[in-house]
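All residue numbers in this chain count up from 1 along the given sequence. Source: prediction; values computed, not measured. Just so you know, ligand 1 is whichever comes first in the structure, and atom 1 is the first atom listed for that ligand.
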Amino acid sequence: MNASLVTDPARPTVGVLALQGDVREHVAALQRCGADPVLVRRPAELAAVDALVLPGGESTAISKLLEVFELLEPLRARLRDGMPAYGSCAGMILLASEVLDTRPDARHLSGIDMTVRRNAFGRQVDSFETDLDFAGLDDGPVRAVFIRAPWVERVGDGVQVLATVPSGPSAGRVVAVRQGHVLATSFHPEVTGDLRVHRMFVGMVRAAVAEVG
Ligand code: GLN
């Protein structure tokens, strides 16, 4: 049975891809937003969730593990079918339709029509924090923590740019996007205690569950 048919839209089941990366931080943030987070490592677990978070970590390692755990094709299929997803940092890289500066054997999921450059800020500085305006979040800027982060170099039609770097050598670089039910950020809202990005995503999931149900 499709889990989304039996889900209470107020408390959707949101999987966190638990192959590598900062899984616990996303689980905690989702819990605090009123979702029901579950770990996803197997195809049967993926089949049972309403939505999926792809955490930060190392995109080439997660890519390899997606193949080893036989999740790559099932995940592509669920994204094609409209499953909501949110990727932070390495998760953004995995959701791209094209990735620059990665390993030739790295796989991606084409959840968003975008070209992402991996480790893009690295030539200037590995990790940094800044405050940025995030479209749709009204209560002031979001503290964005970038850790060997990617940026988005191209977006296709239908992709909404939600945030860019406000100043400095990377000013104007695109660091948050949305296409349909799929959201991605270059940075890690799960580490700051500011729940607004996760709340936005859980709101997208609730809307998607209500549409189906
Ligand atoms: N640089 C990492 C990668 O290529 C992403 C870093 C992160 O998720 N914090 O996957």
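Considering backbone and side-chain atoms together, S59 places an N or O closer than 3.5 Å to an N or O of ligand 1. Ligand 1 has no nitrogen or oxygen under 3.5 angstrom from a nitrogen or oxygen of G56.
Summary of contacts: the protein heavy atom closest to atom 5 (C) of ligand 1 is G57 O, 3.3 Å. The nearest protein atom to atom 7 (C) of ligand 1, hydrogens excluded, is given as C89 SG, 2.8 Å; this is a heavy-atom distance. In this structure, atom 1 (N) of ligand 1 lies nearest to the protein heavy atom N119 OD1, 2.6 Å.
Between R148, R103, H188, M92, it is H188 that holds the heavy atom closest to atom 9 (N) of ligand 1.
Annotation for ligand 1: atoms under 4.0 Å from non-hydrogen atoms of I93 are 3 (C), 4 (O), 10 (O). The E58 neighbourhood of ligand 1 comprises atoms 3 (C), 4 (O), 10 (O), with distances under 4.0 Å to a heavy atom of that residue.
Closest heavy-atom contact between H198 and C33: CB-SG, 3.7 Å.
Within the 3.5 Å criterion, the main-chain N or O of F121 finds no donor-acceptor partner in the side chain of R173.
Looking only at atom types and distance, the side chain of H26 has a donor-acceptor partner in the side chain of S88 under 3.5 Å away.
R143 pairs in a side-chain hydrogen bond (donor to acceptor under 3.5 Å, both in side chains) with only one of the listed residues (D131, T130, T192, D194), which is D131. H108 pairs in a side chain to side chain contact (heavy atoms under 4.5 Å, CB included) with only one of the listed residues (T102, V99, L72), which is V99.
Residue pairs meeting the side chain to side chain donor-acceptor pair (under 3.5 Å) criterion with at least one partner in residues 53-70, sequence neighbours excluded, are E58-T60, E58-R118, S59-R118, E67-R107.
Counting heavy atoms closer than 4.0 Å to ligand 1, residue R118 contributes side-chain atoms (C-beta onward) but none from N, CA, C or O.
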